[in-house]
Participant: 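First the structure, then my questions, so here it is.
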There are 4 protein chains.
Amino acid sequence: MSQSRLRVGILGATGTVGQRFIVLLQNHPQFEITHLGASERSAGQTYKKIVRWKLSQSMPEDIGGLTVTLCDPAHFEGCSLVFSALDSSVAGPVEDAFARAGMAVFSNAKDHRMDPDVPILIPFCNPDHLDIIPHQQKSRGLTGNGYIITNANCASTGLVVALKPLQDAFGIDKVIVFTMQAVSGAGYPGVPSLDIYDNVVPYISGEEDKLHVEPRKILGRVDGGDTFVDYDVTLSAMCNRVPVIDGHTECVSIKLNKTATLEEVQKALKEFKPKLPALPSMPPVSLQLFEESDRPQPRLDRDLGRGYTVAVGGVRKCNVLDFKFTLLSHNCVIGAAGGSILNAELALVRGYLK
Amino acid sequence: MSQSRLRVGILGATGTVGQRFIVLLQNHPQFEITHLGASERSAGQTYKKIVRWKLSQSMPEDIGGLTVTLCDPAHFEGCSLVFSALDSSVAGPVEDAFARAGMAVFSNAKDHRMDPDVPILIPFCNPDHLDIIPHQQKSRGLTGNGYIITNANCASTGLVVALKPLQDAFGIDKVIVFTMQAVSGAGYPGVPSLDIYDNVVPYISGEEDKLHVEPRKILGRVDGGDTFVDYDVTLSAMCNRVPVIDGHTECVSIKLNKTATLEEVQKALKEFKPKLPALPSMPPVSLQLFEESDRPQPRLDRDLGRGYTVAVGGVRKCNVLDFKFTLLSHNCVIGAAGGSILNAELALVRGYLK
Amino acid sequence: MSQSRLRVGILGATGTVGQRFIVLLQNHPQFEITHLGASERSAGQTYKKIVRWKLSQSMPEDIGGLTVTLCDPAHFEGCSLVFSALDSSVAGPVEDAFARAGMAVFSNAKDHRMDPDVPILIPFCNPDHLDIIPHQQKSRGLTGNGYIITNANCASTGLVVALKPLQDAFGIDKVIVFTMQAVSGAGYPGVPSLDIYDNVVPYISGEEDKLHVEPRKILGRVDGGDTFVDYDVTLSAMCNRVPVIDGHTECVSIKLNKTATLEEVQKALKEFKPKLPALPSMPPVSLQLFEESDRPQPRLDRDLGRGYTVAVGGVRKCNVLDFKFTLLSHNCVIGAAGGSILNAELALVRGYLK
Amino acid sequence: MSQSRLRVGILGATGTVGQRFIVLLQNHPQFEITHLGASERSAGQTYKKIVRWKLSQSMPEDIGGLTVTLCDPAHFEGCSLVFSALDSSVAGPVEDAFARAGMAVFSNAKDHRMDPDVPILIPFCNPDHLDIIPHQQKSRGLTGNGYIITNANCASTGLVVALKPLQDAFGIDKVIVFTMQAVSGAGYPGVPSLDIYDNVVPYISGEEDKLHVEPRKILGRVDGGDTFVDYDVTLSAMCNRVPVIDGHTECVSIKLNKTATLEEVQKALKEFKPKLPALPSMPPVSLQLFEESDRPQPRLDRDLGRGYTVAVGGVRKCNVLDFKFTLLSHNCVIGAAGGSILNAELALVRGYLK
């Protein structure tokens, strides 16, 4: 099987998002990890020797034996695409270099998200944002598979998946969102135990700003093949870190553009089907609606659809805006590595990867 | 000292709120615990023998030796007042019986909170609601110290303390509040560890309704000595249980009645001083305003003012309403037992206790 | 496939161990769950309606639709065997009744463990203890599949799997074992969060006694087909509950019967292979030896071999006895439901189930 | 009051142990903090500005205003003594420099613990080890208050306090100790939350070795005023990190030098009184013996005696050695900063500080 699969590199392979890419791509029918990039400290050694593995799933044997290289396109010959789990402090120029070298870059970093020719792609919501790629390649002089596609901030991802069916059915005017985010969102070593055990930290640097702007771009449209037009919705976010390992929970109040009953809102959420071809990592259900008032819960529901499903529950009337509900998404799967994998699968089926 | 102190009983003395009363009243200059009431299972035995002590402060030696009785006024002779830590499933009629027997009842239970002649008293906010007591006694035919004063739901308490200075300065139109509540709020055994460890539960039975109505009564006024007039504010709450032992954190967005700058809002919070005489349990500061964006945090700040201080931080503009901020209150002290103690201290200084 | 599978009932199906049986038996090639037994409160209703599902794996759809009955053999017609997840307060006579009705009983309860004709079966360690069954049937007058097989206490299980290779190679004289046990071991609601969050409880009722006697029986032999002869080893246990969801960690110091080098001890552990035919639920490795000094760890290693593998690490010399090491086992899988499933699989392949 | 108090400096004042010194010395009758030392990064700024305060007790106002200096004796003029909370990577030579400058050094670092002329002082156990100081000063050519006194590793401290009464009464031959240590023992940022949440780490670098040697020195004697003679006891330790914030729990099995009954062992523990003059920070009880089998527990008992009391419980026979029990000590108070403060108080009363 390996010969027919596209060769794939992981940038930032030793971090927790890099590790998640490795687990999620194990036995993937279309992609085969052949290259691992990390920092100078790790380069030249086998992955198994230098990684501090932090996932409960075991490290795949074959990956452990790969030799880690620097994140330089020269070391990634033969790769069709790379998944970038790089820290935003270094991601920007490295990702540019890989795109210029003709490799598709599927990035978790924030650096290029707001570039006017780079999509924040969430296949459940805005698969047509792929249409910007020809323009991006032309304007940047990129060739082959050379282009950059980002996924959204982990908290933005769950939010827009829950908002999308409501946008389609009623239009959305205003959103107030409160988050309770898992510690795995901060990577490793990330959040010190003394900061979060028996505690809540009501602040995550830069997070609220991302929630104010990313959903507007994601829920917007591509105009004339070369311009993103934001969706006109006003968002206000309050972000908190809580003592949960995986799974971001968000409480959302929304004001719609037109009157709707509670039943109509629940129906729109329940019947949501993304407009997508079959993709290998697609979960059976993109958005699962719970009728129990005390769900979703991260420990019980974050692994729905192997972490690719967004869960919504507790839909009810809001006294101040129109409706409110709770959503949950696995911040490391659909909100990070898994989201990028879906993006690459979509790019492949749409003919953007060879 | 003991002879000049008022004799006090604790109803529901074996539960975690009952334990908290015992710790907070240790060495109190005005009140002396002389009676402990609990259920049939415990009656007739020494407190030390039957209590499952769950606080990190040690049980006072002298209290451990008291014999527990049933919660029947006949067993509480000589008490001027009782603090009720009874479960709401039984509190209502028991509290009525104590009031009829001429003892003041300071209750944590919800049963009488919305009675039209019973105040929800929070001295930092509405000390004048005590003025309803003569009317309550008259209408119910109560004599001596016989009356009922409740404190608010633990999540309502922190909220109204933070809202009060903003109500005074600008008026408040709308409030969206999202809570992250500690497990101690559910008592003992309360929340099973399998339900909350590495988890968030986005639902607390009945809690949101309390947050929708109690603040309106607390922030309202007493009209003509016999009628509560609600404050006209619309609230919407989303309540969550999080893995924190003590301390309720709440994220709040508000719409004011008149335009204000961020500086004016911060100033109103910072300069808030309750209109109160000196009370033994009053903290140095009722509302502490943090300038750091990542505070307050429950583990670091719940013990401010020995748990009697409400902390507010992260005050900033809200894109959807006007302003937003985070607040923290110790749900077992100012939000429960401590709040009742302040109420009794205020009743004493105002001449309602003999 | 379903027609060729044996029909299986679960006793105590609504508890957390019952739920674990349901998840582990999903798509099992030999066993098909057809009956669910629970208490009077649940009987007559569909499983989906009355269970409080607490596992992160979803409840299988088909099981959710089954109607729950009382744990009476009359309701389990057509079952070849039952798995008992009953609480020990009721398990004894109920299990007897099922055995008398000709159904094999694979039990997690302690009630029959020390019966002189009932094996505590752990296929990795003592598969030949099955040889007692004919004697058990004869002495109790049981027919058909009617007999009782127990598995060990969850903490005993991991311990004996780690001891077995050392017993085989060197003989074991003395064992001191300290446990750090997960909260899931106490079922649901089980351990209150106020008891275990930010805490350790240095006591689990009855647990140390089980660790003193069960390993002696398990590591012993069946003499003449009708008598268990204990293995002559002295054990001392100190049991603790720690804030971990799943996975019992145990620190062990041992004195061997003959001199051994550290390398010989590590080799015995590393090369351990149970003397077993292929069983559907057998993990690739029964005992995994870690060379890293900081492993095994429950969050990282409890799911090895889908929870059927016991992990050992940190093997080193002991200044007081001979050697010491750390072991980890998934208390709900190999230490409970999974252990029983292995027992039934072994009974089937050995011809004890039809 | 301040004029009659000795002036005190804190080395490593910004770390969590430094913060603990500051809280514990607030309002101390004999010592007044006048100098704070930290690294180059912090020097020259006010303490309030650069510290990341991590304790639930508020930072004392007056300390917040002090200007931090480098840890150079030249900046500590007028100090009689310094408390060293320095990391062991730098503590050794810095502490030497302060001693040479005539200041008494009370150190938490391990660097000098095993020096043949430096005591590991625990006033409850070995107050006479102070007698080595004249020899230390002479052999090192130190003058004035110049000398170094260390306290023990946090896990050693609790252990030797529990062993001391048994050593006195029966003599101790062998000890097996298994620890469950709090995350605060690793300082800040210390243990990443991803490493310890829902987890146990069965390894703490270098810790077991300390437990093998420090108790032998502490329980030993000073011979001829110039030589430490170890106590002849063999120890074996297994150290674990658990998800607890403060408080080290240890399970201990011991073999005594002579036969004793359980009652005699309990009596020795219960009646233990250190041979000490009154010291300001002495707790009412040095060693508290619990009769309940499930105590001590860190959340409930770590603050006994304001963290200066060591708690012991669950004393029972051991099948392998003689007796076993559980002990708990507050690793940041009696096991770290508080231990050093007691040492300084003892040095003062014994005439070693002016």
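Each chain gets a letter, A, B and so on, in the order the sequences are listed, and its residues count up from 1.
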Participant: Check each atom of C/Val177 against the heavy atoms of chain D and say whether the ones under 4.5 Å are side chain, backbone, both or neither.
Facilitator: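 The answer is neither part of C/Val177.
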Participant: Is chain C contacted by the side chain of D/Glu292, its backbone, both, or neither, given a heavy-atom distance below 4.5 Å?
Facilitator: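 Answer is neither: D/Glu292 stays 4.5 Å or more from chain C.
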Participant: Could you tell me which portion of D/Val183 (side chain, backbone, both or neither) has an atom closer than 4.5 angstrom to a non-hydrogen atom of chain C?
Facilitator: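 D/Val183 has no heavy atom closer than 4.5 Å to chain C.
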Participant: Please look at D/Met180 and chain C and tell me whether the side chain, the backbone, both or neither of the residue comes under 4.5 angstrom of a heavy atom of that chain.
Facilitator: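 For D/Met180, the contact with chain C is made by the side chain alone.
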Participant: Please classify the contact of C/Leu328 with chain D as side chain, backbone, both or neither, using a heavy-atom distance under 4.5 Å.
Facilitator: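 It is neither, since no heavy atom gets under 4.5 Å.
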Participant: Side chain, backbone, both or neither: which part of D/Val200 has an atom under 4.5 Å from a heavy atom of chain C?
Facilitator: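 Interface part for D/Val200: both.
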Participant: Checking C/Asn240 against chain D: side chain, backbone, both or neither under 4.5 Å from a heavy atom?
Facilitator: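 It is the side chain, since no backbone atom gets that close.
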Participant: So for D/Phe290, is it side chain, backbone, both, or neither that comes closer than 4.5 Å to the heavy atoms of chain C?
Facilitator: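 D/Phe290 has no heavy atom closer than 4.5 Å to chain C.
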Participant: Could C/Lys110 and C/Glu214 be called an ion pair, given the rule that one side-chain N must be under 4.0 Å from one carboxylate O?
Facilitator: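 No, C/Lys110 and C/Glu214 are not salt-bridged.
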Participant: As an exercise, state the distance from CG of D/Leu304 to OG of D/Ser329, rounded to the nearest 0.5 Å.
Facilitator: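 Rounded to the nearest 0.5 Å, the CG-OG separation comes out at 11.5 Å.
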Participant: Does any heavy atom of chain D fall under 4.5 Å from the side chain of C/Ala182, the backbone, both, or neither of them?
Facilitator: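 Neither part.
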Participant: Need one label for C/Arg302: side chain, backbone, both or neither, based on atoms under 4.5 Å from any heavy atom in chain D.
Facilitator: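 Answer is side chain: those atoms of C/Arg302 sit under 4.5 Å from chain D.
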Participant: Under 4.5 Å heavy-atom distance to chain C, tell me which part of D/Ile204 shows up: side chain, backbone, both or neither.
Facilitator: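 Looking at D/Ile204, nothing touches chain C.
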Participant: So what's closer than 4.5 Å to chain C heavy atoms on D/Val233: side chain, backbone, both or neither?
Facilitator: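 No part of D/Val233 comes within 4.5 Å of chain C.
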Participant: Hey, could you give me the SG/NZ distance between C/Cys318 and C/Lys255, rounded to the nearest 0.5 Å?
Facilitator: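 The SG atom of C/Cys318 sits 10.5 Å away from the NZ atom of C/Lys255.
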